[in-house]
Amino acid sequence: EEFLVEISGTTVTITCPLLDDTITWELSGSQGESSGRKYTMENHNSSPVNVTCSSAGQKHRMFLNARVCASCVELDALAVTGIITADLLITLGVLILVYYFSKDRKGIGSTSPGSRQRGQKLQRPPPVPNPDYEPIRKGQREVYAGLQPRGF
């Protein structure tokens, strides 16, 4: 057998586990209205309270430490699920938009200096040699035969 505590705004309603209608309520530091098994505290200030309900020699005690708020809004599970689902769908939509808009810009070069192409490095062929400095090939020694080593 346990107390039932209901909180709505700044109103706290406590239901005693005893089944009698002649229940005596004792609270430390709080005033409220008693109607049988239920005790209602209007404008509760979130301070801890010791609550006792008794009837015909039976006593039940409880320590109440309820946080209340005047401007709080109660949300059921369906509303919370809807908010989370909507947030995920909006985030997914933004990700898809960013992906499609950035996909088209991959081939466009930047005009800023110092930009480098990212991705795989393409292998470049070696630079074309200057024809004045061709390497000596077999069978073409006569082209270079007239060159004599210089002495310094």
Side-chain angles (χ1 to χ4, degrees), residues 1-140:
E1 296 179 7
E2 295 180 351
F3 285 90
L4 175 67
V5 179
E6 299 171 20
I7 301 171
S8 178
T10 59
T11 303
V12 178
T13 305
I14 306 167
T15 304
C16 184
L18 297 173
L19 300 176
D20 295 340
D21 285 336
T22 57
I23 294 176
T24 307
W25 290 91
E26 297 174 25
L27 277 85
S28 62
S30 180
Q31 297 293 327
E33 301 174 8
S34 174
S35 61
R37 290 185 59 204
K38 293 192 176 200
Y39 185 85
T40 305
M41 291 185 283
E42 297 285 337
N43 298 322
H44 183 60
N45 59 2
S46 298
S47 61
V49 177
N50 287 316
V51 179
T52 305
C53 68
S54 58
S55 175
Q58 292 182 329
K59 242 183 195 182
H60 287 276
R61 292 188 175 128
M62 173 181 73
F63 178 74
L64 178 68
N65 190 8
R67 298 277 181 201
V68 296
C69 167
S71 61
C72 296
V73 178
E74 295 179 26
L75 294 176
D76 59 340
L78 184 62
V80 172
T81 304
I83 291 169
I84 292 172
T85 304
D87 182 36
L88 290 174
L89 288 175
I90 290 170
T91 303
L92 183 64
V94 168
L95 285 174
I96 290 171
L97 284 173
V98 167
Y99 172 75
Y100 279 116
F101 281 116
S102 67
K103 187 169 92 170
D104 296 337
R105 303 178 131 248
K106 283 184 182 174
I108 300 173
S110 174
T111 59
S112 65
S115 66
R116 291 182 9 194
Q117 184 179 4
R118 293 185 180 243
Q120 259 187 333
K121 291 185 178 179
L122 301 174
Q123 289 188 1
R124 296 183 191 162
V128 177
N130 190 337
D132 295 335
Y133 297 102
E134 273 189 44
I136 299 175
R137 295 186 188 114
K138 288 185 178 179
Q140 292 184 349

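The analysis underlying the following values was restricted to heavy atoms, covering all of them including side chains, and did not include hydrogens, waters or symmetry mates. In this text the structure is predicted, and so the values were computed from the model without any measurement.
Of the candidates D87, L88, T81, T81 is the only one forming a side chain to side chain contact (heavy atoms under 4.5 Å, CB included) with T85. The only member of V12, L64, V5 that meets side chain to side chain contact (heavy atoms under 4.5 Å, CB included) when paired with V51 is L64.
The backbone N or O of L19 sits nowhere less than 3.5 Å from a side-chain atom of R37 that would complete a donor-acceptor pair. At distances below 3.5 Å, not a single donor-acceptor pair connects side-chain atoms of R61 with backbone N or O atoms of T52. Side-chain atoms of T13 do not come within 3.5 Å of backbone N or O of T40 as any donor-acceptor pair.
With a 6.0 Å radius and a threshold of 12 heavy atoms from other residues, nucleotides or ligands, F63 has its CZ atom above the threshold.
Here the shortest heavy-atom pairing between S47 and N45 reads OG-OD1, 2.7 Å. Residue V49 comes nearest to S28 through the heavy atom pair CG1-O, 3.7 Å, listed as atom of the first residue, atom of the second, then distance. Residues C53 and I23 share a closest heavy-atom pair of CB-CG2, 3.7 Å. When every heavy atom of P17 is checked against every heavy atom of E2, the shortest pair comes out as CB-O, 3.6 Å. Between V68 and S46, the closest heavy-atom pair is N-OG, 2.9 Å.
Using the six-membered ring where Trp is involved, H60 and F3 have ring planes that are perpendicular, over 60° apart on the 30 and 60° scheme.
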- Test log, rule side-chain contact (heavy atoms from CB on, under 4.5 Å), inputs M62 and I14: CA-CA 10 Å; M62 173 181 73; I14 306 167; 3.9 Å; yes

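Distance check: M41 CE to L27 CG gives 5.5 Å after rounding to the nearest 0.5 Å. Note: K38 NZ to L4 CG = 7.0 Å, rounded to the nearest 0.5 Å. From L97, atom CG reaches atom CG of L92 across 10.0 Å, with rounding to the nearest 0.5 Å.
In this structure T11 satisfies the side chain to side chain donor-acceptor pair (under 3.5 Å) test together with E42, sequence neighbours excluded.
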